[in-house]
K.L.:
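Quick one: this structure, given as structure tokens, is what I'll be asking you about.
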Amino acid sequence: MEMQQKPGSAKRRGAVLKSLDMDRKIEPKEYFRRLDALHDRLRAIQQAYIGSADAAVVVLEGWDAAGKGGAIRRISTAMDPRSIKVWPIASPREYYKERHYLSRFWERLPPNGVISIFDRSWYGRVMVERVEEFATPAEWKRAYREINEFERMLTDDGTRVIKFFLHITPDEQLRRFEKRLKDPLKRWKLQYEDFRNREKWDAYEAAIEEMLARTSTKHAPWYVVPSNDKKYSRIEIISRICKRLSAGVDLAPRPLDEQTLAAARRYFDI
């Protein structure tokens with residue numbers, strides 16, 4: 001589901017998550033067929049961005065165990081690591097606690113030609129910091145305006161911004177927690193805070209709904225993705241990324257410059 005509206009319009013606030021069709025699925029054969037095609041598209045987008053003035057920011061937010069990491073792996077494995085950067089965002093260090101909360105994100109924005117993916121982001125201000133009372137009401141309430149202005153500056157400067165919220169049901173989250181607990185190679189993903197946050201599901205849901213309503217804009221829209229089925233979620237996310245990042249971009253392979261071509265002609269019959 002795509003959300004686009006004027007900041008602060010709060011269209012039917014509280015109804016977005018409950019309106020999603022959480023039974024959406026994709027069959028494995030169709031998943032792999034579409035994933036291969038999307039990976040080709042991602043590679044074409046990346047080669048078009050390299051050496052250009054284009055840049056992009058992809059934000060992934062969602063419930064614990066919603067599938068952000070898996071989606072990021074399916075995106076990044078198709079691309080050259082030299083011009084894509086993944087930023088896993090955790091609690092700020094003391095250095096950043098003494099500064100404006102956006103400062104650590106400014107430092108991680110992509111230069112020209114690069115795509116940056118944020119595994120959690122500045123939206124922690126209006127979710128976890130709001131619910132856990134790490135930010136005062138005055139601080140998180142003004143953050144909606146600050147975030148909208150921050151993203152407006154990015155897009156005005158030519159950086160494309162695309163944001164996803166991965167939604168799962170409480171039952172599906174608990175099933176994934178149990179799976180992590182039983183898998184020694186995935187157990188590191190499970191933390192005490194995951195269970196603590198479950199007990200505040202309603203408070204987080206209210207914060208998420210307000211965030212979606214107040215910060216989804218035409219230049220930086222939210223896409224809310226039903227993610228009970230991981231394969232469906234990944235295809236939906238990558239499809240949206242390809243569509244937004246390729247809009248208005250010439251994806252044809254870039255021709256060689258004359259100097260390189262002249263040098264090559266000394267060795268090859270071209």
Side-chain angles (χ1 to χ4, degrees), residues 3 5-18 57-66 68-69 72 86-110 116-155 159 161-168 170 173 189-217 219-225:
M3 295 185 60
Q5 59 209 62
K6 294 181 180 179
S9 64
K11 180 176 61 178
R12 288 209 308 147
R13 187 177 300 164
V16 175
L17 300 182
K18 289 181 172 59
V57 166
V58 179
V59 170
L60 279 91
E61 293 283 358
W63 298 98
D64 296 325
K68 297 182 294 298
I72 291 170
V86 177
W87 294 106
I89 302 300
S91 301
R93 295 185 286 110
E94 288 300 322
Y95 174 88
Y96 290 111
K97 289 180 180 179
E98 297 176 358
R99 290 159 173 80
H100 192 279
Y101 71 97
L102 288 174
S103 63
R104 64 179 174 145
F105 301 107
W106 274 110
E107 297 174 0
R108 291 165 170 78
L109 295 175
S116 288
I117 302 175
F118 286 84
D119 182 355
R120 300 196 185 276
S121 68
W122 42 92
Y123 282 98
R125 189 66 156 189
V126 295
M127 287 192 292
V128 63
E129 292 184 33
R130 166 183 170 170
V131 175
E132 304 298 336
E133 299 183 349
F134 298 143
T136 67
E139 288 172 334
W140 63 256
K141 285 179 180 179
R142 72 168 184 259
Y144 300 115
R145 173 180 53 81
E146 293 170 338
I147 288 171
N148 286 328
E149 291 173 351
F150 171 62
E151 293 175 350
R152 178 83 261 183
M153 285 189 288
L154 295 183
T155 57
T159 298
V161 178
I162 182 169
K163 306 176 300 194
F164 296 95
F165 186 86
L166 282 62
H167 182 52
I168 56 175
Q173 185 190 61
K189 295 182 177 182
L190 195 61
Q191 302 177 35
Y192 161 75
E193 287 79 8
D194 296 332
F195 294 100
R196 182 199 64 191
N197 293 345
R198 268 185 66 85
E199 296 176 2
K200 299 181 180 181
W201 187 280
D202 290 345
Y204 273 101
E205 192 171 75
I208 291 161
E209 291 284 7
E210 186 166 9
M211 174 193 76
L212 296 173
R214 299 186 64 175
T215 62
S216 193
T217 60
H219 57 274
W222 276 108
Y223 296 92
V224 187
V225 183

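Predicted model, so just to flag it, every value in this text is computed and none were measured.
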K.L.:
Just wondering, are more than 12 heavy atoms of other shown residues or ligands nearer than 6.0 Å to CD in E107?
P.N.:
yes
K.L.:
Enter the distance from H167:NE2 to I208:CD1 here, rounded to the nearest 0.5 Å.
P.N.:
8.0 Å
K.L.:
Given F134 and Y101, is the side chain to side chain contact (heavy atoms under 4.5 Å, CB included) satisfied, shown in steps?
P.N.:
CA-CA 12 Å; F134 298 143; Y101 71 97; over 6 Å; no
K.L.:
Working to the nearest 0.5 angstrom, can you tell me the gap between E139 CD and E133 CD?
P.N.:
12.0 Å
K.L.:
Return yes if a side-chain donor-acceptor contact under 3.5 Å exists between E146 and W122, otherwise no.
P.N.:
no
K.L.:
Should E209 and K18 count as an ion pair when the cut-off is N to O under 4.0 Å?
P.N.:
no
K.L.:
Is the closest basic N to carboxylate O distance between K97 and E94 below 4.0 Å?
P.N.:
yes
K.L.:
Which value, rounded to the nearest 0.5 Å, describes the distance between H219 atom NE2 and R152 atom CZ?
P.N.:
4.5 Å
K.L.:
Determine the minimum heavy-atom distance between I168 and A65, stating which atoms define it.
P.N.:
CD1-O, 3.8 Å
K.L.:
To check you understand the geometry: which heavy-atom pair defines the closest contact between R125 and A143, and what is its length?
P.N.:
CG-CB, 3.6 Å
K.L.:
State whether the side chain of N148 and the backbone N or O of A220 hold a donor-acceptor pair below 3.5 Å, judged by distance alone.
P.N.:
no
K.L.:
Please round to the nearest 0.5 Å and tell me the distance separating atom CD1 of I147 and atom CG of L102.
P.N.:
6.5 Å
K.L.:
With no hydrogens and no angle check, is any side-chain donor or acceptor of R120 less than 3.5 Å from a backbone partner on A90?
P.N.:
no
K.L.:
Do Y204 and E132 have side-chain N/O donor and acceptor atoms under 3.5 Å apart?
P.N.:
yes
K.L.:
Knowing that exactly one of W106, F105, Y144 qualifies, which makes a ring pair (Phe, Tyr, Trp, His ring centres under 6.0 Å) with F150?
P.N.:
W106
K.L.:
Whether the side chain of S216 engages the backbone of L212 through a donor-acceptor N/O pair (distance < 3.5 Å, no angle test) should be reported.
P.N.:
no
K.L.:
Please round to the nearest 0.5 Å and tell me the distance separating atom CD of Q173 and atom CG of D194.
P.N.:
7.5 Å
K.L.:
Kindly give the heavy-atom pair with the smallest separation between L166 and K68, and that separation in Å.
P.N.:
CD2-N, 3.7 Å
K.L.:
Are any side-chain N or O atoms of W87 and backbone N or O atoms of R108, one a donor and one an acceptor, separated by less than 3.5 Å?
P.N.:
yes
K.L.:
Set out, in order, the CA-CA distance, both residues' side-chain angles and the distance that settles side chain to side chain contact (heavy atoms under 4.5 Å, CB included) for V16 and W222, then state yes or no.
P.N.:
CA-CA 11 Å; V16 175; W222 276 108; over 6 Å; no
K.L.:
Quick check on side-chain contact (heavy atoms from CB on, under 4.5 Å): which of V57, V59, V58 does I117 satisfy it with?
P.N.:
V58
K.L.:
For the residue pair L109 and S116, what are the closest heavy atoms and their distance?
P.N.:
C-OG, 4.4 Å
K.L.:
For G124 versus E61, what's the shortest heavy-atom pair and its separation?
P.N.:
N-OE2, 4.3 Å
K.L.:
Taking all non-hydrogen atoms of both residues into account, name the closest pair between R130 and A207 and its distance.
P.N.:
NH1-CA, 3.7 Å
K.L.:
Rounded to the nearest 0.5 Å, what's the gap from CZ on R198 to CZ on R196? Could you check?
P.N.:
14.0 Å
